[in-house]
Engineer: 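Questions regarding the structure given below will be posed in turn.
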Amino acid sequence: MASETLTPEVEAAVKAAKDRLDAHTYEIVQWHFHESTGCPFWLEKKKEFNFDPLTEVKCYDDLKKFPLFEDEWLRGGPVRRWVPAQYQDKPIYVFETGGTTGIPKSRIAIDDFRTDYSNFSETLPDEYFPKGANWLMLGPSGPRRLRLAVEHLAQVRGGICFCIDLDPRWVIKLIKKGQMDQLEAYKQHCIDQAITVLTAGHDVKCMFGTPKLIESLCLGLEEKGTSLAEAGITGIFSGGTEFTPQWTRYCIEELFGGGPEESGIYMTPTYGNTLMGLACSKPVTPEDNYKISYYAPQPRAVTEVVSFDDPNELVAFGETGRVKLTTLTKEFFVPGFLERDEGEREMPYMKYPWDGVSGVRPFHGFASSTTVGVY
Amino acid sequence: MLNIPAIRWGKPYDSLEKEDVVHFSTGEPIAQLSQVGGGILKRDMKKAQSARDALLEFSPEEILDKMATAGKLYLEADLPIGDGSQTPEAFVHAQSASTGLPEHMCRANMQKNAFVMQNMTQILDSLTRGLDLNILARGYGKEPARDVMLSYQAQSPVLGAVLPSNSPGVHTLWLPAVALQLGLVLKPGGKEPWTPYRIFSAMVEAGLPAEAFSLYPGAGGDVGSALLSSVDRAMVFGGQQTIDQYAGNPKVQPHGPGFSKILLGDDVVDDWPQYLDLMVQSVFANSGRSCINASGIWASRHTKEIAQAIAEKIGPTEIKDPTDDEAALAAFTMPGMAPAVWNMIESDLAEDGVTDYTAPYGDRLVQMERCDYLKPMVIHAESPEKQVASKEYMFPFVSVVECPQDQMIKKMGYSLICTAITGDDKFARELVNATHIDRLNIGPIPTHKVDWLQPHEGNIIEFLFRSRAYQSAPVQVAAT
């Protein structure tokens, strides 16, 4: 199907990207499974495999030889077993995700989060994300990657980042206990912190915010007779499965008061997590009904939309499947991790000549048991 | 297929997110319902006063006339809904198809809602104890018979309601708000958007201002929570957990299980066969879905015979197509709900002294491809301490509980409706004094028989208005 609809230029770019991905895959697998460079976890795991990654993984498709990555492997320690041999003496961060269903999943990081966000920075339009502008980070804090990553993004663009306190695990507990008044109070506490920063003369022009918090911030500012635009914000990046076309439309049309030309506020959706880094979005337009399509930062990470029945089989373009993630960096190797999300497979295009995914939402098999919309 | 938008102060809003409303047994989509988020609702609520202002443009008498017209239109007219329209029969068919409620019960509920709209003048006259509605509209006024100033302050410009999908009769509870010149902010049930949309259409067709109405279909956890937190007076319909969550919140009136009961006094219990039909109907009407259905029958003796007799009447009930006028059972359309209920009942049945009198009539849980049924159950509990004595489920289910009369009031627990069949004045007086009984029927009155001239689940006037002092004196203003 791709070859029927792609232009020759895009097809050529797709091929070049695939070649780069194959070469990168080979290099990363060599790194993680060689005794001199690999981490204890993978070197130990290698003994269970019926193939030798060093000799039998030559391209991206060969990663199918690995069993699916189990997120349980990330729960519990020792966390140092994930540190590649050559990085043992580097300063190590640990980022956590989950944590409401028992022991959180942990991943180690050294510079990946900085690299991811430096790369992402290149995609931001300077007109709305002015270099040197200060930032507000309105999202989960604590042991999550996001706070440091956004702070780095601000710094790499020459700005200083202001942060708020937000513990999503407490939010989930409140939801599960049905203490919606307490939830509202906690959300208000977070918004109050944000409004204080925005109105304290810090010249904040850019921000990260989760959809729910952006919404609450806008409503909070309206309560005070002002707006996000009046508070000086011109560029927002946001992310998560709650970032739906309908929410985007409501946000742009009603909370911001129009598209960037009219309101002066540009918002870009992203899809990211502790394992992958940050997938960027194709520009979101009213003409396209605010459709949001994400493209992973290949070759450092790859997202595929795979059959619900067979995780090694891609669905056709436009079809629905589960999101499968592969992370390929020297710090961390995650082959074939089935995300808790599903979506539709999107065509490559010139800027991102590889598969994308749209309509990302919680995997229907989990939907009833997952607490969505944490922050 | 109908495309049904949200309504934001009378204006349709077609969301990019839609949910199919599907036929409960075939899975076939009947309509697409726009889904909106809580943020939209919260933001719209800043204009809530405009809804009341729009209604205050009319006199209470004009509104009551229009409501009566709306009741007739609701019952008889072809009314717009989304990008199409619905005849009364199409409405009944759609409601039955998405909720699993037999069609003849949908028609009966339709009559109930129409009756309330058409008789709102008398209902409000009764609920306000004859107060001139202009006093509520203006906020103050003199009582005509005495020279006494009265003042009532509306506690919110709108009434909000997070509506259920299970019983279309409950919509009668929020209808008086319009006549009291309060706007309506509704979150329709995902499987039963039909009634609120049809009432909205009927009211607008009858000449009431569309800008007084908002309907926000969407996820309960998001738009439902937003509604309850941003409207100063709201109703919510749900289970015991919902009731507990909002208990003590003056802004929210929660409606949940009724735990309605019939008590047979010692003076009449030997004549119990005389009241058998009343008991059966109280348990069985509307497929046992309402909070006003009896879930407990308490007596000091003959309880096993009573359980046996009721079981003989309702135990053999068969599942019939919802279009069949004889259909008496509604389907459970939410996957997994009926088996979960059945598991709870099985656990209660394991207790000593608890007997299922409907066991001889075959399996109670009937699982189908896309829906399930629970057939009527009559359980005998030899004492009030048995777990089953305090249970209520959304199908014809009753516990017949053996309990000495002098312990009934203490042990029966909360009752939305209590029908006490007794001529014992002392017992009746004690029941009047019991604070855990809401509606009290003394004598052979079925629990589901509603007198619309009485408060229903709390007096809505007391919920929406606050009585206050108001004094005024002339002020001399300098000429300009």
Engineer: What about the rings of A:W247 and A:Y290, do their centers lie closer together than 6.0 Å?
Structural biologist: no
Engineer: Using modelled atom types and a 3.5 Å cut-off, is there a donor and acceptor pairing between side-chain atoms of A:Y266 and backbone atoms of A:F129?
Structural biologist: no
Engineer: With A:R322 as the cation and A:F363 as the aromatic partner, state whether NZ or CZ is under 6.0 Å from the six-membered ring centre and within 45° of the axis.
Structural biologist: yes
Engineer: Name the region of B:Q241, side chain, backbone, both or neither, that has any atom closer than 4.5 Å to a heavy atom of chain A.
Structural biologist: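 Interface part for B:Q241: neither.
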Engineer: Are the ring centres of B:F237 and B:H255 closer than 6.0 Å?
Structural biologist: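 Centroid distance B:F237-B:H255: below 6.0 Å, so yes.
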Engineer: Where does B:S225 contact chain A at under 4.5 Å (heavy atoms): side chain, backbone, both or neither?
Structural biologist: side chain
Engineer: Ring centres of A:Y349 and A:Y295 under 6.0 Å apart?
Structural biologist: yes
Engineer: What part of A:E223 lies closer than 4.5 angstrom to a heavy atom of chain B: side chain, backbone, both or neither?
Structural biologist: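 Its backbone and side chain both get close to chain B.
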Engineer: Checking heavy atoms, do the side chain of A:E184, its backbone, both or neither come under 4.5 Å from chain B?
Structural biologist: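 For A:E184, the contact with chain B is made by the side chain alone.
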Engineer: Which atoms of B:E17 are under 4.5 Å from chain A, going by heavy atoms: the side chain, the backbone, both sets, or neither?
Structural biologist: both
